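The sequence lines fix the lettering, A, B, ..., with proteins before strands; numbering per chain opens at 1. These figures come from a predicted structure and were not determined experimentally. Any value given below was found using the heavy atoms of this structure, including those in side chains, with hydrogens, waters and symmetry copies removed.
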There are 2 protein chains.
Amino acid sequence: MMSSVPPRRRIPEATVARLPVYQRSLTELREGGVATVSSEQLADLAGVNAAKVRKDLSYLGSYGTRGVGYEVEYLLFQMNRELGLSQDLGVVIVGMGNLGQALANYGGFGERGFPVGALVDTDATKVGNVVHGHTVQHLDDLEDIVGKGRIRIGIIATPVEAAQNVADLLVGAGVESILNFAPTTVHVPEGVTLRKVDLALELQILGFYQHRDAPDAAVEA
Amino acid sequence: MMSSVPPRRRIPEATVARLPVYQRSLTELREGGVATVSSEQLADLAGVNAAKVRKDLSYLGSYGTRGVGYEVEYLLFQMNRELGLSQDLGVVIVGMGNLGQALANYGGFGERGFPVGALVDTDATKVGNVVHGHTVQHLDDLEDIVGKGRIRIGIIATPVEAAQNVADLLVGAGVESILNFAPTTVHVPEGVTLRKVDLALELQILGFYQHRDAPDAAVEA
DNA sequence: GGTTGTGAACAAATTCACAGCG
DNA sequence: CGCTGTGAATTTGTTCACAACC
């Protein structure tokens with residue numbers, strides 16, 4: 001059944017990173033009962049400019065109507081299809097320290113199609129505990145956990161020292177996408193997608209601009 | 001006292017975002033007793049390529065030695081000066097839910113020069129609680145808290161509905177740098193630096209590439 | 001010889017500006 | 001007339017490649 005597949009342009013990385021933002025804004029609009037939206041309005045909701053919105057959306061196809069805007073429902077449907085929202089991707093969180101526990105308790109993942117399927121640690125005082133409805137399992141069982149739980153994404157919330165090893169184990173267990181919260185560089189083989197979130201680093205970037213705008217603040221009082 | 005200020009090139013944003021990564025790698029090297037490092041080695045530690053390292057470092061000045069590499073200690077000193085590590089910038093965390101509490105307990109901020117100076121919420125069951133040595137204060141007192149605590153950075157860890165209001169209050173209280181964890185767009189006036197971290201969004205980006213590489217996975221069993 | 005520092009070439013991303021169409 | 005869609009222009013970022021230098 002040869003359905004007419006959309007053009008399949010190659011979507012630039014910068015655009016991919018913004019699509020979920022538009023998706024979120026569109027979802028809000030729909031919930032507010034809004035039927036159509038212009039690139040300008042959507043831009044404002046997403047915190048970017050209108051030209052960028054139009055360019056980004058154009059990679060998905062020509063789903064707008066000139067003189068009118070975009071139909072919220074329809075655009076959202078196309079966007080969900082492109083982002084693959086239809087399928088849920090199970091997540092395993094490795095490392096049940098403060099951050100890992102907070103992530104496990106964070107409702108936002110499941111809501112957006114990424115159900116937390118398993119929690120893992122190595123600490124005997126943590127293994128067996130129940131966090132947000134999941135029993136914490138041991139890292140040694142990772143391969144099983146990933147295989148049986150249909151886990152597709154691994155989150156590293158371990159201390160720095162453990163991060164690379166955990167990444168290796170995740171890859172060995174068949175995980176192809178990793179989100180690393182440990183403030184260190186981890187290397188993964190070709191074909192595995194890695195993203196990182198470094199909380200303190202974000203503050204350092206903010207700090208740089210403060211320092212830059214007022215370079216003598218250090219001297220004050 | 002007209003000291004010889006360094007050249008003050010304008011450092012590109014992309015470079016600014018990588019400097020803290022190099023800084024971290026250099027700190028590890030120093031702790032390991034390593035005296036000099038080549039751009040190639042540093043690149044590997046930071047997870048980028050050597051040309052980028054050299055270009056990035058060149059914005060700080062010419063601190064390497066041809067044929068040898070960079071003196072770790074000296075480069076680190078220069079980098080810390082540029083990043084403004086000398087001064088500590090106090091942080092207030094607004095929103096003491098799971099994430100806010102985890103951030104409050106996260107040691108990494110203080111270690112890197114961003115001591116958590118205050119915790120804030122509006123929920124009567126949370127105000128007055130002690131988290132990681134800080135008594136949670138009420139949002140109504142934000143202006144005082146920021147002023148007296150010499151707070152320079154605000155972290156928003158509230159639900160979506162509260163985020164914009166909190167941002168406004170932070171700006172009103174004199175905060176010039178904001179890190180937003182609420183999964184929504186917030187607007188700030190010119191002159192205020194805003195960065196965002198959206199945890200579920202990172203998963204969505206990872207999910208996009210999985211979906212893209214195996215677009216029919218949804219159909220599988 | 002080995003490695004930096006940097007112009008020049010290239011690539012990616014953003015913004016402009018306007019033709020095209022509803 | 002209004003707003004999209006998109007080529008073209010511009011800006012930003014990356015990589016190359018090699019002269020300069022230790």
Listed once per pair and sorted, the salt bridge (Lys or Arg N to Asp or Glu O under 4.0 Å) pairs that draw on residues 177-190 of chain B, sequence neighbours left out: none
Can you see which heavy atom on Ile145(A) is nearest to which on Ile151(A), and at what distance? O-CG1, 3.8 Å
Check side chain to side chain donor-acceptor pair (under 3.5 Å) between Asp168(A) and all other residues, then give those that pass, not counting sequence neighbours. Gln164(A)
Below 4.0 angstrom from OP1 or OP2 of dC22(D), is there any side-chain N or O of Tyr70(B)? no
Contact letters for nucleotides 12-17 of chain C, in which S counts primed atoms plus P, OP1 and OP2 and B counts the base, heavy atoms under 4.0 Å: -SSB-B
Would you say CD of Glu40(B) has more than 12 non-hydrogen atoms from neighbouring residues, nucleotides or ligands within 6.0 angstrom? no
I'd like to know if the side chain of Ser25(A) and the backbone of Val21(A) have a donor-acceptor N/O pair within less than 3.5 Å. yes
List the residues meeting ring pair (Phe, Tyr, Trp, His ring centres under 6.0 Å) with Tyr74(B), not counting sequence neighbours, and say none if there are none. Tyr63(B)
Check: Thr65(B) side chain, Val68(B) main-chain N or O, donor-acceptor pair, under 3.5 Å: no
Going by side chain to side chain donor-acceptor pair (under 3.5 Å), name the residues that satisfy it together with Asp56(A), two or more places apart in sequence or in a different chain. Thr15(A), Arg18(A), Tyr22(A)
Thr185(B): what forms a side chain to side chain donor-acceptor pair (under 3.5 Å) with it, not counting sequence neighbours? none
Under 3.5 Å, which donor-acceptor pairs link side chains of residues 95-106 of chain B to any protein atom two or more places apart or in another chain?
{"from": "Gln101(B)", "atom 1": "NE2", "to": "Met96(B)", "atom 2": "O", "distance (Å)": "3.0"}
{"from": "Asn105(B)", "atom 1": "OD1", "to": "His132(B)", "atom 2": "ND1", "distance (Å)": "3.3"}
{"from": "Asn105(B)", "atom 1": "ND2", "to": "Gln101(B)", "atom 2": "O", "distance (Å)": "3.0"}

Any idea which heavy atoms bring Phe114(B) and Gly207(A) closest together, and the distance? CE2-CA, 4.3 Å
End axis versus end axis in the helix from dG1(C)-dC22(D) to dG22(C)-dC1(D), the angle rounded to 10°, five pairs used at each terminus: 0°
I need the CD1-P distance between Ile11(A) and dT6(D), as an integer number of Å. 14 Å
Whole angstrom value for the distance that separates P of dT3(C) from CG of Leu57(B): 15 Å
Atom pairs and distances, donor-acceptor, side-chain atoms in residues 174-182 of chain A, under 3.5 Å, two or more places apart:
{"from": "Ser177(A)", "atom 1": "OG", "to": "Gln210(B)", "atom 2": "NE2", "distance (Å)": "2.9"}
{"from": "Asn180(A)", "atom 1": "OD1", "to": "Ala182(A)", "atom 2": "N", "distance (Å)": "2.9"}
{"from": "Asn180(A)", "atom 1": "ND2", "to": "Ala182(A)", "atom 2": "O", "distance (Å)": "3.2"}
{"from": "Asn180(A)", "atom 1": "ND2", "to": "Thr184(A)", "atom 2": "O", "distance (Å)": "3.1"}

My understanding is that only residues two or more places apart in sequence, or in another chain, count here; which of them pass side chain to side chain donor-acceptor pair (under 3.5 Å) with Glu28(A)? none
Heteroatom pairs (N/O) under 3.5 angstrom, protein to nucleotides 19-22 of chain C:
{"from": "dG20(C)", "atom 1": "N3", "to": "Arg66(A)", "atom 2": "NH1", "distance (Å)": "3.1"}

Atom-to-atom span, CG of Leu75(B) to C1' of dG5(C) - whole angstrom: 14 Å
Ordered by number, residues from residues 33-47 of chain B within less than 4.0 Å of DNA chain C (heavy atoms) are Ser38(B), Ser39(B)
